[in-house]
Amino acid sequence: MKFYFLIFFSLVSHAEDRSFRIPQYYKQVGISNYSTDLFSTPSALRKDVDFWKFIYTQLSEWQGVLHDQNEVGQIYELLDFTDLKNLNRNEVRKAIEMEQRLKRAMKEITERRKACFDFRFQRGLKEKTETAFYLSGKYSDEFEKIFSAEQVPLELTRLVFVESSYQVLARSKVGASGLWQLMPTVAPRLITSSTDLRNEPYHAAKVAAKLLKQNFNFLQDWRLATVAYNHGAQGVRNITRRFKTNALEEILETSKKKRGLGFASRNFYSCFLAILEIEKKASVYFPGLKWAASIPNQPILLITGMHYQKLLAVFGNDARELQVWNPHLNLSLKQQNWIPPRTQIFVPETLKEILVTELQKPKSKKTSQVEAPD
């Protein structure tokens with residue numbers, strides 16, 4: 001069992017923060033098989049949803065629980081590693097110490113209860129979740145417009161919390177990428193030598209909305225379509241046929257005993273419901289919570305390209321900020337020092353005039369121009 005320390009960050013000025021907005025899902029119309037209680041928590045999933053709410057809102061990243069692999073709400077022991085937080089050790093040494101303590105805890109529980117357990121360790125996600133709610137202000141308005149246009153329930157825009165916690169630079173070890181964690185096989189045409197549009201939040205949101213709509217058309221159930229976002233539509237269809245039921249609760253329960261959905265897919269929907277419930281009272285769970293300033297879906301389209309170093313200068317030579325605003329730009333562009341024509345560029349409103357001025361300067365060789373995208 002390995003531990004990894006991740007750094008989460010936001011480069012949006014806090015001077016632009018907004019008051020947190022409670023979602024209004026009840027105004028949706030024209031969506032097939034939709035009702036306002038579609039994503040309410042069924043009694044059969046209440047314990048699982050409450051477990052994930054506990055993880056998301058009560059436990060810090062320096063805390064965690066040993067719980068049952070199948071009955072996730074069955075907690076055997078709460079573990080606290082807060083004393084390691086400020087120790088004068090590097091992160092690798094801290095992770096090793098945490099792993100050793102975890103192994104001792106599992107051994108002690110087994111010996112004390114004189115039984116074998118299917119243990120799983122879950123680390124707390126409170127800080128990560130609070131940051132995600134703040135960062136969601138950047139994109140939620142536009143995501144809802146995109147999903148509404150595709151006639152997909154607005155609640156499903158909140159899958160980003162489960163997929164990436166709103167970290168634009170999120171990359172998985174299996175190849176999923178971006179806020180929406182799209183796999184290369186889902187959108188191969190989005191990937192070129194210079195850009196990976198899976199990482200451009202709004203382009204990826206359009207792909208995600210279409211994928212969820214396809215899942216629904218294939219499975220005729222929004223809840224199954226949600227699970228299929230993680231497990232694949234054909235995979236979910238195969239399970240419904242093998243278990244001889246389309247009832248999600250039965251599928252999730254049977255998967256604990258028979259080969260069906262794995263742990264991640266089995267808990268994907270409960271995590272999603274937990275986020276929906278937390279969002280309704282986010283300011284209670286996270287006092288003083290703010291919403292980041294919205295990033296309009298208004299990129300600048302380069303007509304004939306520009307030097308990467310020129311764009312970097314627009315961002316005050318801050319390569320990380322450039323990357324966060326333009327996660328779809330491949331790092332190879334930095335080495336080539338050239339961003340090809342027809343590339344879309346996002347910049348803060350305060351920097352747009354600087355970028356346009358730079359693009360309008362005469363060039364001796366390769367020139368750069370700008371136009372508004374369609």
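Atom CZ of Arg93 sits in a sparse spot, with 12 or fewer heavy atoms from other residues, nucleotides or ligands closer than 6.0 Å. No more than 12 heavy-atom neighbours from other residues, nucleotides or ligands sit within 6.0 angstrom of CZ on Arg189. Counting non-hydrogen atoms of other residues, nucleotides and ligands closer than 6.0 Å to CD1 of Ile22 gives a total above 12. The environment of Asn88 atom CG is sparse: at most 12 non-hydrogen atoms of other residues, nucleotides or ligands sit within 6.0 angstrom. Enclosure of atom NZ in Lys256 by more than 12 non-hydrogen atoms of other residues, nucleotides or ligands within 6.0 angstrom is indicated. In the displayed structure, Arg112 atom CZ is contacted under 6.0 Å by more than 12 heavy atoms of other residues, nucleotides or ligands.
Taken from CZ in Arg123 to CG in Leu79, the straight-line distance is 11.5 Å, to the nearest 0.5 Å. Between the OG1 atom of Thr240 and the CG atom of Leu219 there is a distance of 7.0 Å, given to the nearest 0.5 Å. The OH atom of Tyr269 sits 6.5 Å away from atom CG of Leu248, with the distance rounded to the nearest 0.5 Å. Between atom CE of residue Met98 and atom CG of residue Leu84 there is a gap of 7.0 Å, rounded to the nearest 0.5 Å. Atom-to-atom distance recorded for Ile191:CD1 and Leu197:CG is 9.0 Å, nearest 0.5 angstrom. Atom CD of Gln69 and atom CD of Glu71 lie 11.5 Å apart (nearest 0.5 Å).
In terms of heavy-atom proximity, Asn230 sits nearest to Ser265 at OD1-OG, 2.5 Å. Smallest separation of non-hydrogen atoms from Phe133 and Ile278: CE1-CG2, 3.7 Å. Residue Ser148 comes nearest to Leu154 through the heavy atom pair N-CD2, 3.9 Å, listed as atom of the first residue, atom of the second, then distance. Taking both residues in full, the closest heavy atoms of Ala170 and Gln181 are given as O-NE2, 3.3 Å, listed atom of the first, atom of the second, then distance. Summarising the geometry of Glu155 relative to Phe272, their closest heavy-atom pair is O-CE1, 3.3 Å, with the distance given to 0.1 Å. Nearest approach of Ile146 to Ala209, heavy atoms of both residues: CG2-CB, 4.4 Å.
For the pair Arg237 and Phe218, the cation-pi criterion (under 6.0 Å, within 45° of the ring axis) is fulfilled. Judged by the 6.0 Å and 45° rule, Arg320 forms no cation-pi pair with Trp325.
Partners of Asn215 according to the side chain to side chain donor-acceptor pair (under 3.5 Å) rule, which considers only residues two or more places apart in sequence or in another chain, do not exist here.
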Apply side-chain contact (heavy atoms from CB on, under 4.5 Å) to residues Leu252 and Leu45 and explain how you reach the verdict.
CA-CA 9 Å; Leu252 295 178; Leu45 297 182; 3.7 Å; yes

What verdict does the side-chain contact (heavy atoms from CB on, under 4.5 Å) test give for Arg171 and Asn199, after you've listed the backbone C-alpha separation in whole Å, the side-chain angles of each residue and the deciding distance to 0.1 Å?
CA-CA 9 Å; Arg171 308 289 186 268; Asn199 300 327; 3.3 Å; yes

Could you walk me through whether Asp50 and Thr41 pass the side-chain contact (heavy atoms from CB on, under 4.5 Å) test, one step at a time?
CA-CA 10 Å; Asp50 285 346; Thr41 300; over 6 Å; no

Residues Thr343, Asn326; criterion side-chain contact (heavy atoms from CB on, under 4.5 Å); working and verdict:
CA-CA 11 Å; Thr343 301; Asn326 297 275; over 6 Å; no

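In this structure the side chain of Ile251 reaches within 4.5 angstrom of the side chain of Thr245, judged on heavy atoms. Looking at Phe81 and Lys94, their side chains never come closer than 4.5 Å, going by heavy atoms from C-beta outward. The closest side-chain heavy-atom distance from Leu329 to Leu311 is below 4.5 Å. Between Ile55 and Cys271, the closest side-chain pair of non-hydrogen atoms is not below 4.5 Å. In this structure, Asn70 and Lys257 have side chains that are not in contact, with every pair of non-hydrogen atoms separated by 4.5 Å or more. Side-chain atoms of Leu66 and Leu102, non-hydrogen and from C-beta on, do get closer than 4.5 Å to each other. Inter-residue side-chain proximity for Val152 and Ile31 is flagged as unmet; no heavy-atom pair is nearer than 4.5 Å. Arg223 places none of its side-chain heavy atoms less than 4.5 Å from the side chain of Val227.
For Ser255 (side chain) and Leu261 (main-chain N/O), a donor-acceptor pair under 3.5 Å exists by modelled atom type. In this structure, the side chain of Gln220 engages the main chain of Asn217 through a donor-acceptor pair within 3.5 Å. The main-chain N or O of Ser193 is found under 3.5 Å from a side-chain atom of Ser332 such that the two form a donor-acceptor pair. Of the possible polar contacts, none joining the Asp48 side chain to the Asn267 backbone as a donor-acceptor pair under 3.5 Å is found. Counting only distance, with no hydrogens or angles, the side chain of Asn330 and the backbone of Thr192 share a donor-acceptor pair below 3.5 Å. Side-chain N or O atoms of Glu61 include none that pairs as donor or acceptor with a backbone N or O of Lys128 at under 3.5 Å. A donor-acceptor contact shorter than 3.5 Å links the side chain of Lys213 to the backbone of Glu150. Between the side chain of Asp118 and the backbone N or O of Asp68 there is no donor-acceptor pair closer than 3.5 Å. Although no hydrogens or angles enter the test, the distance criterion places a donor-acceptor pair under 3.5 Å between the side chain of Arg198 and the main chain of Leu182. With hydrogens and angles disregarded, a donor-acceptor distance shorter than 3.5 Å links the side chain of His328 to the backbone of Gln344.
Under the 4.5 Å side-chain heavy-atom criterion for grouping Ile, Leu, Val, Met, Phe, Trp and Tyr, Met306 is not connected to Leu331 through any hydrophobic cluster. In the hydrophobic cluster analysis, where Ile, Leu, Val, Met, Phe, Trp and Tyr join through side-chain heavy atoms closer than 4.5 angstrom, Tyr25 is grouped together with Phe216. Following chains of ILVMFWY side-chain contacts shorter than 4.5 Å, one can reach Met183 starting from Tyr229, so the two form part of one hydrophobic cluster. By the criterion of side-chain heavy atoms lying less than 4.5 angstrom apart, applied directly or through intervening Ile, Leu, Val, Met, Phe, Trp or Tyr residues, Leu179 is grouped together with Val174 in one hydrophobic cluster.
Side-chain contact check for Asp37 and Ser35: at least one donor-acceptor pair (N or O, by modelled atom type) lies under 3.5 Å.
A salt bridge links Lys361 with Glu358: at least one charged nitrogen is closer than 4.0 Å to a carboxylate oxygen. A salt bridge links Glu144 with Arg21: at least one charged nitrogen is closer than 4.0 Å to a carboxylate oxygen.
Aromatic pair His231/Phe268: ring centres not closer than 6.0 Å.
Listed by first then second residue, pairs satisfying ring pair (Phe, Tyr, Trp, His ring centres under 6.0 Å) with a partner in residues 166-210 read Tyr139-Tyr202, Phe143-Trp180, Phe143-Tyr202, Phe147-Trp180, Phe161-Tyr166, not counting sequence neighbours. The side-chain hydrogen bond (donor to acceptor under 3.5 Å, both in side chains) contacts involving residues 281-292 comprise Ser136-Trp291, where partners must be two or more places apart or lie in separate chains.
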